[in-house]
K.L.:
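Below are the structure tokens for one structure; questions will follow.
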Amino acid sequence: MKKIQLEIYLRASAGGWTLPLYYNRLIQAAVYNLLDPELASFLHTRGFSEGSRFFKMFSFSLLQGVYQLNTNEKTICFSGEVKLTVTSPLHNFCQSLADGLGAGGGLRLGMGEAKVEKIETRMPLVEKEEVVVRTLSPVVLYSTFRRPEGKKYTVYFQPGDPDYDRLLHENLYNKYRAFYGTGPPAGQVGAKALGQQKKRIIDFNGTIIQGYSGKLILTGPVPLLQLALDGGLGGKNSQGFGCLEMI
């Protein structure tokens, strides 16, 4: 199955599907558990490397559906149909994940489980050096600095910031080299916000991560834009960030 995007449609039980407010870690763990053990081990322990950087080469969306928040309990409860999108340039990843979901009949996240109703596959192709996308999970781009006293701190960037395009291009360039073993065609990747960007703060297993959601106009070499759609835009993709759809 040569597909790079899975749209997984789930059905919450009559009482709803209650999850922690920050559920990214649970989805990541479920993905690894559903994969072929050898592939899961490779991606989890190492993945694809470029210098000191390692890339898992998959991303996933936030859950999409009708929900209610309980701020006191820090939970989110979904009802009815819920959609999860998973993308990867690894064809065997998509096949393995679809097989795992089909065998189990449901997706378990922590103590909660939803029934898998159907899985649709898509293969969006970038054909021009400009593409309009919508983020299905926040895009994360950041740099880490050290204060004079030695303590590290992180600065997160949004479209329009001076370093945003540079970091965006460097990230995709390194992913391409790691995955394909060669450099991409010449040309810089850039992003322009299309409308307002929404800042999202997510707690991933005790680490606070900041990203931005919205519509973007991406420009650059087609192979790099394709990889952004396939494997995610920005950093921390396998933690549920930078998942895109073309519009």
Side-chain angles (χ1 to χ4, degrees), residues 1-48 55-67 75-125 134-138 179 202 204-205 226-233 236-246:
M1 180 179 67
K2 292 189 175 182
K3 299 293 181 183
I4 57 175
Q5 187 178 90
L6 298 178
E7 292 184 346
I8 304 158
Y9 291 85
L10 307 156
R11 176 67 56 176
S13 64
W17 191 24
T18 301
L19 301 169
L21 181 59
Y22 303 114
Y23 52 76
N24 290 47
R25 182 181 61 84
L26 297 179
I27 294 180
Q28 184 193 58
V31 167
Y32 281 129
N33 287 335
L34 288 164
L35 292 177
D36 171 81
E38 186 176 348
L39 176 60
S41 177
F42 166 72
L43 293 176
H44 184 262
T45 59
R46 182 175 177 85
F48 298 85
F55 303 100
K56 313 302 184 181
M57 290 298 176
F58 72 89
S59 183
F60 56 86
S61 69
L62 297 175
L63 294 173
Q64 302 163 68
V66 177
Y67 62 85
T75 59
I76 182 170
C77 183
F78 290 91
S79 58
E81 185 178 81
V82 184
K83 186 171 80 167
L84 171 67
T85 301
V86 185
T87 67
S88 176
L90 286 163
H91 300 146
N92 59 332
F93 173 96
C94 296
Q95 178 69 69
S96 181
L97 182 59
D99 290 346
L101 285 165
L107 179 67
R108 174 168 291 277
L109 302 180
M111 299 299 292
E113 185 174 11
K115 180 183 177 182
V116 176
E117 289 200 321
K118 63 178 179 178
I119 301 173
E120 295 184 352
T121 60
R122 302 188 185 279
M123 192 172 183
L125 295 177
R134 177 189 293 111
T135 62
L136 300 180
S137 52
F179 188 65
I202 292 179
F204 188 92
N205 202 26
Q226 185 69 58
L227 189 59
L229 274 172
D230 298 351
L233 186 68
K236 302 185 181 296
N237 303 134
S238 68
Q239 297 177 18
F241 296 95
C243 186
L244 306 176
E245 70 173 355
M246 193 161 52

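Counting from 1, the numbers follow the sequence of the chain as shown.
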K.L.:
Is a side-chain donor or acceptor of Glu81 paired with a backbone partner of Val66 at a separation under 3.5 angstrom?
P.N.:
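Not confirmed, Glu81 side chain does not pair with Val66 backbone.
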K.L.:
Would you say Thr85 and Gln5 make side-chain contact, with heavy atoms under 4.5 Å?
P.N.:
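Sidechains of Gln5 and Thr85: in contact.
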K.L.:
For the pair Lys56 (side chain) and Leu43 (backbone), establish whether a donor and an acceptor sit closer than 3.5 Å, ignoring hydrogens and angles.
P.N.:
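At least one qualifying donor-acceptor pair exists.
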K.L.:
Apply side-chain contact (heavy atoms from CB on, under 4.5 Å) to Val116 and Leu10, showing your working.
P.N.:
CA-CA 5 Å; Val116 176; Leu10 307 156; 3.7 Å; yes
K.L.:
Would you say the side chain of Leu62 lies within less than 4.5 Å of the side chain of Asn24, judging by non-hydrogen atoms?
P.N.:
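Answer yes - side chains close enough.
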K.L.:
I need the Ile8 CD1 to Leu34 CG distance, nearest 0.5 Å.
P.N.:
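One finds 8.5 Å between CD1 of Ile8 and CG of Leu34.
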K.L.:
Which heavy atom of Leu6 sits nearest to which heavy atom of Ala98, and what is that distance?
P.N.:
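Minimum heavy-atom separation between Leu6 and Ala98: CD1-N, 4.2 Å.
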K.L.:
Enter the distance from Arg25:CZ to Ile27:CD1 here, rounded to the nearest 0.5 Å.
P.N.:
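With rounding to 0.5 Å, CZ (Arg25) is 11.5 Å from CD1 (Ile27).
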K.L.:
Give the minimum heavy-atom separation between Gly232 and Ser59, together with the two atoms involved.
P.N.:
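Reported closest heavy-atom pair: CA-CB, 4.1 Å.
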K.L.:
Less than 4.5 Å apart, side chain to side chain, heavy atoms only: is that true for Thr87 and Asp230?
P.N.:
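Answer no - side chains too far apart.
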K.L.:
Could you tell me the separation between the CG atom of Asn33 and the NE2 atom of His44, rounded to the nearest 0.5 Å?
P.N.:
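Answer for the CG-NE2 pair, Asn33 versus His44, is 9.5 Å.
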K.L.:
Quick one: are the ring centres of Phe42 and Phe93 less than 6.0 Å apart?
P.N.:
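When the ring centroids of Phe42 and Phe93 are compared, they turn out to be at least 6.0 Å apart.
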K.L.:
Before giving the answer on side-chain contact (heavy atoms from CB on, under 4.5 Å), spell out for Asn237 and Cys243 the whole-Å C-alpha distance, their side-chain angles and the decisive distance to 0.1 Å.
P.N.:
CA-CA 7 Å; Asn237 303 134; Cys243 186; over 6 Å; no
K.L.:
For Ser238, does its backbone N or O pair with a side-chain atom of Gln28 as donor and acceptor, under 3.5 Å?
P.N.:
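Side chain of Gln28 to backbone of Ser238: a pair is present.
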K.L.:
Measuring only between side-chain heavy atoms, which start at C-beta, is Phe58 closer than 4.5 Å to Leu90?
P.N.:
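In short, these two side chains do not touch, never coming nearer than 4.5 Å.
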K.L.:
Going from CZ on Arg11 to CZ on Phe78, what distance comes out if it is rounded to the nearest 0.5 angstrom?
P.N.:
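The CZ atom of Phe78 is 14.0 Å from CZ of Arg11, to the nearest 0.5 Å.
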K.L.:
Taking the side chain as every heavy atom from C-beta outward, state whether Cys94 and Thr121 have any pair of such atoms under 4.5 Å apart.
P.N.:
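The answer is no, as the side chains (C-beta and beyond) never meet within the 4.5 Å cut-off.
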K.L.:
Considering non-hydrogen atoms only, spot the tightest contact between Pro89 and Leu227 and give its length.
P.N.:
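Reported closest heavy-atom pair: CG-CD1, 4.2 Å.
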K.L.:
Quick one: are Leu244 and Thr135 in side-chain contact, heavy atoms under 4.5 Å?
P.N.:
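In contact.
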K.L.:
Do the non-hydrogen side-chain atoms of Leu107 and Trp17 ever get within less than 4.5 Å of each other?
P.N.:
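Yes. Closest side-chain heavy atoms under 4.5 Å.
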K.L.:
Has Phe204 got more than 12 heavy atoms of other residues, nucleotides or ligands less than 6.0 Å from its CZ?
P.N.:
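Counting other residues, nucleotides and ligands, CZ of Phe204 exceeds 12 neighbours.
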K.L.:
Looking only at non-hydrogen atoms, find the nearest pair between Lys236 and Phe241 and report the distance.
P.N.:
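For Lys236 versus Phe241, the nearest heavy atoms are O-CD1, 3.3 Å.
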K.L.:
Considering all heavy atoms of both residues, which atom of Gly15 and which atom of Cys77 are nearest to each other, and what is their separation?
P.N.:
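What the structure gives for the nearest pair is O-SG, 4.3 Å.
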K.L.:
Looking only at non-hydrogen atoms, find the nearest pair between Met57 and Ser88 and report the distance.
P.N.:
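Scanning both residues, the minimum pair turns out to be O-OG, 2.7 Å.
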K.L.:
Given 3.5 Å as the limit, does a donor-acceptor pair link the side chain of Tyr23 with the main chain of Ile76, or not?
P.N.:
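No, the answer is negative, given that no donor and acceptor are paired below the 3.5 Å cut-off.
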K.L.:
Can you tell me how far the NZ atom of Lys83 sits from the CD atom of Glu117, to the nearest 0.5 Å?
P.N.:
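Atom-to-atom, Lys83:NZ and Glu117:CD are 13.5 Å apart.
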K.L.:
Is Asp99 close to Asp36 at the side-chain level, that is, under 4.5 Å between some pair of heavy atoms?
P.N.:
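Sidechains of Asp99 and Asp36: no contact.
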